[in-house]
Amino acid sequence: MYRPLPREFYNRDPIKVARELLGKLLLRQAPDGLTAGIIVEVEAYLARNDPANHAFRGLTRRNASMFGPPGHAYVYAIHSRWCLNAVTEPVGVPSAVLIRAVEPRQGLSLMRSRRGIDDPRLLARGPGRLCEAFAIDRSLDGCDLTVAERLWIADEPTELPVRIETATRVGVTSAQQRRLRFFVADNPFVSKPGRPRRRTI
DNA sequence: CTACCGATTGACT
DNA sequence: GTCAATCGGTAGA
C-alpha cells in the first residue's frame with residue numbers, strides 16, 4: 001500500500017496513463033508533514049501534433065524534464081502558480097499528464113494552513129491550488145515519482161472503480177478540438193466539470 | 001536588453 | 001457568465 005507506481009506505468013501513451021491515474025493516490029512528504037489525495041482530474045499533453053504542449057517547439061530550459069525518462073515530475077510556473085505533471089513515454093519523447101485536481105485524504109490541516117482557507121473542496125481543485133496545498137514548486141521539477149521520498153503516486157486499493165468523463169482541456173487556446181481532459185464523474189473536487197458537452201465513457 | 005504571452009485564480013456583474 | 005493581476009519563459013533586437 002502506498003508503494004510508488006513503477007516506471008513502466010508511465011512509459012506508455014499519455015492518454016492511457018491519464019485515464020489510469022484517475023483514482024490513484026498522490027503523496028507529498030514535505031519537511032512540515034505528509035499530504036495525500038485521490039487524483040480526480042487530469043489532462044494529457046501529447047508528443048506529436050499537439051501545439052498546446054510546452055515541448056511543441058522543441059527543448060528549452062523550462063520543459064527539459066519532459067524530454068527525460070518517464071515517471072518524473074515536470075513542474076512549471078504560470079501566472080505565479082505552479083503546475084504538476086507526470087512525464088510519460090521514453091527519453092526524447094516529450095509527453096506528460098497534468099494533474100489538475102485531487103480529493104484531499106491526508107494532511108488536511110496542513111493544506112488548510114498553506115492555502116489559507118477551510119473548504120476542503122477548494123484545497124486542491126485546480127493545478128495551481130493543488131501545488132500550493134501540497135507545497136510543490138520548481139524544486140520538485142525532475143523529481144522521481146517512482147521512489148517514496150518527496151513526491152510519488154501509488155495505488156489506492158480501497159478506492160472504488162470510477163466512471164470517467166472526457167472534455168476539452170482547460171485554458172488551452174490551440175488544439176481545442178481534442179478531448180484530452182479526463183475526470184471522475186460527479187466528483188465535487190473536479191475543477192471544471194462537464195464543460196462543452198458531456199460524454200460518459 | 002525589451003516585448004509579448006499564457007496548461008490560472010479570485011473577484012466581480 | 002466576465003475580467004485582469006502578475007511574473008517567468010521565450011523569442012527577438
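Just the heavy atoms: all of them, side chains too, but no hydrogens, waters or symmetry mates, feed the values below. Letters go in sequence order (proteins before strands), and every chain restarts at 1. Just so it is clear, the structure is predicted and the values come from calculations on it, not from any experiment.
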Taking 4.0 Å as the cut-off, does a side-chain nitrogen or oxygen of Thr60(A) come that near to OP1 or OP2 on dT10(C)?
yes
Would you mind reading off the distance between Asn53(A) atom CG and dG6(B) atom C1', rounded to a whole angstrom?
14 Å
Nearest whole Å is fine: how far is dT9(B) P from Leu123(A) CG?
13 Å
Go ahead and name the base partner of dC3(C); Watson-Crick or wobble counts if both distances stay under 3.5 Å, otherwise write none.
dG10(B)
Taking the side chain of Arg115(A) as heavy atoms from C-beta outward, which of dT10(C), dG10(B), dT6(C) is closest to it?
dG10(B)
What is the distance, to the nearest angstrom, from the CZ atom on Phe56(A) to the C1' atom on dG9(C)?
18 Å
Hey, does the side chain of Arg100(A) come within less than 4.0 Å of dT8(B)'s phosphate (OP1/OP2), counting only N and O?
yes
So that I can tick it off, tell me whether Asp50(A) and Arg178(A) are bridged by a salt bridge, with the cut-off set at under 4.0 angstrom between side-chain N and carboxylate O.
no
Considering every strand and a 4.0 Å limit on heavy-atom distances, what is the contact class for Arg57(A): base, sugar-phosphate, or nothing?
nothing
Checking dA7(B), dT6(C), dT9(B) against the side chain of Lys192(A) (C-beta onward), the nearest is dT9(B)
Nearest-Å distance, OH (Tyr76(A)) to P (dC5(B))?
18 Å
Please determine if Glu132(A) and Arg115(A) form a salt bridge, counting it only when a charged side-chain N lies under 4.0 Å from a carboxylate O.
yes
Choose from dA7(B), dT8(B), dT9(B) the nucleotide whose nearest atom is closest to any side-chain atom of Val170(A).
dT8(B)
Going by purine N1 to pyrimidine N3 plus the second Watson-Crick contact, or the G-U wobble pair, all under 3.5 Å, which nucleotide sits opposite dG8(C)?
dC5(B)
Closest approach to the side chain of Val172(A), judged atom by atom: which nucleotide of dT9(B), dT10(C), dA7(B) is it?
dA7(B)
His79(A) atom NE2 is separated from dG9(C) atom P, nearest whole Å, by 14 Å
Atom NE2 of His54(A) to atom P of dT8(B): distance rounded to whole Å?
9 Å
Quick check: do Leu5(A) and Leu21(A) have side-chain heavy atoms less than 4.5 Å from each other?
yes
Using a heavy-atom cut-off of 4.0 Å across all strands, would you classify Arg138(A) as base, sugar-phosphate, or nothing?
sugar-phosphate
Rounded to whole angstroms, how far apart are CG on Asn63(A) and P on dA11(C)?
9 Å
Partner of Ser95(A) under side-chain hydrogen bond (donor to acceptor under 3.5 Å, both in side chains), chosen from Glu89(A), Arg12(A), Arg48(A)
Glu89(A)
Can you tell me how far C1' of dC7(C) sits from CH2 of Trp82(A), to the nearest Å?
10 Å
Ion pair check, Arg138(A) and Asp141(A), cut-off under 4.0 Å
yes
Quick check on dT10(C): is either OP1 or OP2 less than 4.0 Å from any side-chain nitrogen or oxygen of Arg62(A)?
yes
Nucleotide nearest Met66(A) when distance is taken to its side chain, options dT10(C), dT9(B), dA7(B)
dA7(B)
